[in-house]
K.L.:
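My questions all concern the structure below.
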Amino acid sequence: MTRVRCNPACRAPFVSRTTGGTTLRRHPVLTPIILVNVLTWPLASPALSQEADNLAELREAALERTNASREEADLGALTRSDVLDDAAQGHAADMLERNFYDHVSPEGETPFDRFLAAGGNSWAVSGENIATCTGCAAPPDVDRVDAFHDGWMQSPGHRENILSDGFDSFGFGIAGAGSTVYAVQTFSGPGANEAGAGPALGPGDIAETAVRQINDARTDASLAPLEHDVDLDEAAARVLEHLARDAEELPGNIFDLLPESSTGWTSLSVQSAMIGGSGASVTEGDLSTIGSDWRQAATQGDVLGGSTASHIGFAAEAAGGGRLTAVALFGGK
């Protein structure tokens, strides 16, 4: 008898910050929801984990079946990941050796915890499918891998993980002893743009779109619109470069980042944000989410530059691995 479970992708943190005393705000990783297909537990009491002698062959078979299913759905192929293989194999062996069947270990370790512990990117999204079979021969073979894959593809939740366009990497683990086998599929990637987020914005459209959205929000707050300034765009891009090297600290002196020819500024303030699992591009929806968060975090009278700002620059980048970074630079003259 085979049982399968899966969980949706875990979303990575959202970090937003601003100069002027607002504290760093972290939105924690969402707790994975476990979709339970069968509420019974394995009846066997397996011996210690028995790793398949042909594990590499089984992993290759699992990846081939997964990519064949994705090809049928017009999706790109996944790439095998040592990190995901380690996370999957560790969980399969742990379930076998301690006779439990769940995405969450008895100590409370989640799939995303295992992904990070194996060396995964904290800004990526990850997913996990698990399955077990009692009354099956161990060690498992390719036929057992195929059977598990067929079962996952017949279950909507598991199928969603296999066919997610937010994943680009794959791992597989399998362990069996006596008549019990456990298998684990693991996935990770940059995430996918949410429905309704709009198409990817080109480099020349990002700042223009963000400035329009920010000015709309300022109008709603009874503040004058800001003038888009290319010198502030350049300084915002330099802040973005700094954050790519050191995500925890903003530059010390923003004035030093302005072009030498840019003068007359009486005040500068910076707001930055980082979103995990945001996909491989910047969309209008991403910018709207960031602007909304900045507005909600602002003190009264300090909404998106406040009354002292007259100009704005903006830069944003989806740098790969799921992390999107955005910087708004507000200037007063």
Side-chain angles (χ1 to χ4, degrees), residues 14-22 24-25 197-198 200-275 278 281-299 301-320 323-333:
F14 181 111
V15 178
S16 180
R17 54 187 157 195
T18 178
T19 58
T22 301
L24 181 70
R25 306 192 308 113
L201 295 174
D205 298 324
I206 291 174
E208 180 180 339
T209 302
V211 171
R212 172 175 50 79
Q213 291 181 350
I214 287 171
N215 277 334
D216 287 346
R218 284 177 60 88
T219 298
D220 291 342
S222 300
L223 292 168
L226 302 174
E227 182 178 340
H228 189 190
D229 187 272
V230 294
D231 288 344
L232 294 183
D233 279 349
E234 185 174 337
R238 290 174 178 174
V239 175
L240 201 67
E241 292 174 359
H242 174 90
L243 292 175
R245 297 188 300 270
D246 183 359
E248 297 301 320
E249 296 292 338
L250 288 167
N253 189 340
I254 304 301
F255 284 88
D256 290 342
L257 301 181
L258 290 166
E260 291 184 4
S261 60
S262 185
T263 59
W265 300 104
T266 59
S267 65
L268 291 176
S269 64
V270 177
Q271 287 188 296
S272 69
M274 295 181 186
I275 302 177
S278 61
S281 60
V282 180
T283 67
E284 188 168 350
D286 292 326
L287 300 181
S288 179
T289 297
I290 291 168
S292 176
D293 186 83
W294 282 342
R295 181 175 180 180
Q296 292 174 20
T299 57
D302 191 35
V303 176
L304 298 171
S307 59
T308 60
S310 57
H311 295 71
I312 182 175
F314 190 89
E317 179 183 29
R323 188 176 83 173
L324 185 156
T325 307
V327 174
L329 184 54
F330 302 95
K333 282 191 174 183

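We number each residue from 1, following the sequence as shown. Note that the coordinates shown come from a computational prediction; the quantities given were computed from them, not determined experimentally.
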K.L.:
Looking only at non-hydrogen atoms, find the nearest pair between S272 and W294 and report the distance.
P.N.:
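That closest heavy-atom pairing would be O-NE1, 3.4 Å.
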
K.L.:
What is the minimum heavy-atom distance between A309 and G305, and which atoms define it?
P.N.:
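What the structure gives for the nearest pair is CB-O, 3.4 Å.
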
K.L.:
With the side chain counted from C-beta on, respond yes when S281 and L201 share a heavy-atom pair under 4.5 Å apart, and no when they do not.
P.N.:
no

K.L.:
Among all residues two or more places apart in sequence or in another chain, which pass the side chain to side chain donor-acceptor pair (under 3.5 Å) test with E234?
P.N.:
R238

K.L.:
With A217, which residues qualify under side-chain contact (heavy atoms from CB on, under 4.5 Å), at least two apart?
P.N.:
R295, L304

K.L.:
Would you say that M274 contacts T325 through its side chain, given a criterion of any heavy-atom pair below 4.5 Å between the two side chains?
P.N.:
yes

K.L.:
Not counting sequence neighbours, which residues clear side-chain contact (heavy atoms from CB on, under 4.5 Å) with S262? List them please.
P.N.:
D231, L258, P259, W265

K.L.:
Quick one: list whatever passes side chain to side chain donor-acceptor pair (under 3.5 Å) with S310, sequence neighbours left out.
P.N.:
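Checked S310 against side chain to side chain donor-acceptor pair (under 3.5 Å); zero matches.
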
K.L.:
Looking at side-chain heavy atoms only, is the closest gap between L329 and V239 below 4.5 Å?
P.N.:
no

K.L.:
How many angstroms lie between atom CG of L240 and atom CZ of F314, to the nearest 0.5 angstrom?
P.N.:
9.0 Å

K.L.:
Under the rule for side chain to side chain donor-acceptor pair (under 3.5 Å), what residues qualify as partners of S288, not counting sequence neighbours?
P.N.:
none

K.L.:
Once side-chain contact (heavy atoms from CB on, under 4.5 Å) is applied, do any residues pair with A318, and if so which ones, sequence neighbours excluded?
P.N.:
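A318: side-chain contact (heavy atoms from CB on, under 4.5 Å) contacts with V282.
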
K.L.:
Could you work out, with salt bridge (charged side-chain N to carboxylate O under 4.0 Å, His left out) as the rule, every residue matching E227, not counting sequence neighbours?
P.N.:
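E227 satisfies salt bridge (charged side-chain N to carboxylate O under 4.0 Å, His left out) with no other residue.
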
K.L.:
How long is the span from the CD atom in E208 to the CD1 atom in I206, to the nearest 0.5 Å?
P.N.:
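Spacing of CD (E208) from CD1 (I206) equals 11.5 Å.
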
K.L.:
Hey, could you give me each pair passing side-chain hydrogen bond (donor to acceptor under 3.5 Å, both in side chains) that has a residue in residues 213-223? Not counting sequence neighbours.
P.N.:
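Pairs touching residues 213-223 that pass the test: none.
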
K.L.:
Can you name the closest pair of heavy atoms from A221 and V303 and give their distance?
P.N.:
CB-CG1, 4.3 Å

K.L.:
Tell me, please, which residues at least two apart from E284 pass salt bridge (charged side-chain N to carboxylate O under 4.0 Å, His left out).
P.N.:
R212

K.L.:
Given side chains that start at C-beta, do those of L232 and L268 come closer than 4.5 Å, heavy atoms only?
P.N.:
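Yes. Closest side-chain heavy atoms under 4.5 Å.
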
K.L.:
Got a second to check how far I290's CD1 is from D293's CG, nearest 0.5 Å?
P.N.:
8.5 Å

K.L.:
Just jot down the side-chain contact (heavy atoms from CB on, under 4.5 Å) partners of H228, sequence neighbours excluded, or say none.
P.N.:
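Scan of H228 (side-chain contact (heavy atoms from CB on, under 4.5 Å), adjacent residues dropped) gives A207, V211, D233.
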
K.L.:
Can a donor-acceptor pair be found, under 3.5 Å and without considering hydrogens, that links the side chain of D286 to the backbone of T283?
P.N.:
yes

K.L.:
In Å and rounded to the nearest 0.5 Å, what is the CD1 to CZ distance from I275 to R323?
P.N.:
12.0 Å

K.L.:
With rounding to the nearest 0.5 Å, note down the distance linking CD1 in I312 to CD1 in I214.
P.N.:
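It comes to 3.5 Å.
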
